[in-house]
Amino acid sequence: MKKSHPLRRIVLAGAATVSGIVLLLTLKPSSDPAAASAEGTPQGQQSVAPQGSGGVQAAGGGDQTLTGDVVKTEYGNVQVRITVSGGKITSAAAVQAPTGGRSTEVSTNAVPKLNQAATAAGSADIDAVSGATYTSGGYKKSLQSALDKAGSSSATGGGGSADASGSTGGSTGGSTGGSTGGGSAQAKTLTGTAVETDYGPVQVRITVAGGKITKAEAVQSPSGGRSSQISGDAVPKLNQAAVAAGSADIDAVSGATYTSGGYKKSLQSALDQAGG
């Protein structure tokens, strides 16, 4: 075949192209740096969840305030907040509970009993309140999740187990209060009247010992939508202010005027029962 023959030129061009491709393939790196960097976190590193997501360590003390998960029920959300000190539940409160129509009445009756039972039992092993099966079930689940965040699924309480009616071996709740047994001699637990506000009822329970308020908690507070967020922010501040002041002469929390007003009235009614 002549050197100038067209077919010869085509064959030579094809051979050159194939040779070039083979050369490029042999020069390509055995690994792709971009792909390697996209494989994820290098071995030896571990993603760590932020600490303290379950609760807030109280400044200057060993108390922990922990909020359980929101549990959805057929009648509304239930969410529980507890305070744990020395491995014991010192207070429990529902920051969310079903409201509206009959649900408000059921929650108003059941939540204080559940709060008292949780504090007395020191665990989520409490009985359901009669007529409030769904609320009780949601309460127990949220309470258990709060205890899990404290690193204990069975924090030890000081008063033994309690039934759903809220009666305990060491203290009695309700509007009349009662003397507590054990280490706090002559301490009385008193529950103020439920005060209706534009956004829901507010009711305060206090423990008085030696003429001083040693503990305060809201057993009822407005819940649902924006109200749950406001109560979650305001109630702990109001509780702390009540213990610090030793009276109902406390300032309203900014952005929670109605809740603060109801809290102060219920707190004063509880103090009136103590003769203070």
Side-chain angles (χ1 to χ4, degrees), residues 53-56 58 63-73 75-84 89-101 103-116 118-119 132 134-136 138-143 145-146 149 173 191-207 213 215-245 248 250-270:
S53 59
V56 179
D63 291 357
Q64 273 187 312
T65 299
L66 305 126
T67 304
D69 298 335
V70 176
V71 178
K72 296 184 181 296
T73 75
Y75 296 97
N77 296 339
V78 180
Q79 187 177 29
V80 179
R81 176 182 290 123
I82 60 173
T83 298
V84 178
I89 299 176
T90 57
S91 69
V95 295
Q96 289 193 61
T99 58
S103 294
T104 299
E105 182 181 346
V106 172
S107 294
T108 300
N109 173 64
V111 168
K113 296 176 182 178
L114 292 166
N115 290 337
Q116 188 175 13
T119 304
Y134 290 99
T135 297
S136 299
Y139 187 102
K140 292 170 67 175
K141 289 180 181 178
S142 185
L143 172 59
S145 70
K149 292 173 184 177
T191 303
T193 57
V195 178
E196 292 292 337
T197 74
D198 287 358
Y199 297 96
V202 180
Q203 189 174 29
V204 179
R205 176 185 292 131
I206 60 173
T207 299
I213 300 175
K215 183 174 67 174
E217 59 180 323
V219 295
Q220 287 193 70
S221 60
S223 62
R226 173 67 174 162
S227 293
S228 296
Q229 182 179 349
I230 292 174
S231 293
D233 174 67
V235 167
K237 296 177 182 178
L238 292 166
N239 292 338
Q240 186 175 14
V243 174
I250 57 177
D251 293 332
V253 175
S254 178
T257 305
Y258 290 99
T259 298
S260 299
Y263 186 102
K264 292 169 68 174
K265 289 180 181 178
S266 183
L267 172 60
Q268 185 61 59
S269 71

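Values in this document were obtained by computation on a predicted structure and should not be read as measured data.
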- Query: From Thr67 OG1 over to Lys149 NZ, what is the distance, rounded to the nearest 0.5 angstrom?
  - Reply: 6.5 Å

- Message: Tell me the closest heavy-atom pair linking Ala256 and Ser260, and the distance in Å.
- Response: O-OG, 2.7 Å

- Item | Closest contact, heavy atoms only, Val204 versus Ala270 | O-CB, 4.4 Å

- Task: Look up atom OG1 in Thr119 and atom NZ in Lys215, then write down how far apart they are to the nearest 0.5 Å.
- Result: 5.5 Å

- Message: For the CD atom on Glu196, are there more than 12 heavy atoms of other groups (residues, nucleotides or ligands in this structure) within a distance under 6.0 Å?
- Response: yes

- Applying side chain to side chain contact (heavy atoms under 4.5 Å, CB included), run through Lys141 and Asp69 and close with a yes or a no. CA-CA 8 Å; Lys141 289 180 181 178; Asp69 298 335; over 6 Å; no

- Message: If the threshold is 4.0 Å, N to carboxylate O, is there a salt bridge linking Lys237 and Asp251?
- Response: no

- Would you name the heavy atoms of Asn77 and Gln96 that are closest together and state the gap between them? CB-OE1, 3.4 Å

- Query: What are the two closest non-hydrogen atoms of Ala92 and Ala118, and how far apart are they?
  - Reply: CB-CB, 4.0 Å

- Query: For the atom pair NZ (Lys264) and OG (Ser269), what is the distance rounded to the nearest 0.5 Å?
  - Reply: 14.0 Å

- Test Ile82 against Leu143 for side chain to side chain contact (heavy atoms under 4.5 Å, CB included), laying out the working first. CA-CA 8 Å; Ile82 60 173; Leu143 172 59; 3.6 Å; yes

- Item | Criterion side chain to side chain contact (heavy atoms under 4.5 Å, CB included) on Gln79 and Ser228, from CA distance to verdict | CA-CA 9 Å; Gln79 187 177 29; Ser228 296; 5.8 Å; no

- Would you say the side chain of Pro98 lies within less than 4.5 Å of the side chain of Val106, judging by non-hydrogen atoms? no

- Message: If you compare all heavy atoms of Gly192 against all heavy atoms of Gln203, which two are closest, and at what distance to 0.1 Å?
- Response: O-NE2, 2.9 Å

- Task: Calculate, to the nearest 0.5 Å, the distance between atoms OG1 and CD belonging to Thr207 and Glu217 respectively.
- Result: 7.0 Å

- Does any donor atom in the side chain of Thr108 or Gln220 lie under 3.5 Å from an acceptor atom in the other side chain? yes

- After noting the C-alpha distance and the side-chain angles of Ile230 and Tyr258, does the key distance pass the side chain to side chain contact (heavy atoms under 4.5 Å, CB included) rule? CA-CA 10 Å; Ile230 292 174; Tyr258 290 99; over 6 Å; no

- Query: Atom CZ in Arg205, atom CG in Asn239: separation rounded to 0.5 Å?
  - Reply: 11.5 Å

- Message: Are the side chains of Pro236 and Thr65 in contact, using a 4.5 Å heavy-atom criterion?
- Response: no

- Query: Quick check: does any side chain N or O of Ser107 sit under 3.5 Å from a backbone N or O of Ser103, one acting as donor and the other as acceptor?
  - Reply: yes

- Could you pull out the closest heavy-atom pair between Pro222 and Thr259, with the gap in Å? CG-OG1, 3.6 Å

- For the side chain of Ser266 and the backbone of Gly262, is there at least one donor-acceptor N/O pair under 3.5 Å apart? no

- Rounded to the nearest 0.5 angstrom, the CD1-CD1 distance for Ile213 and Ile206 is 4.5 Å

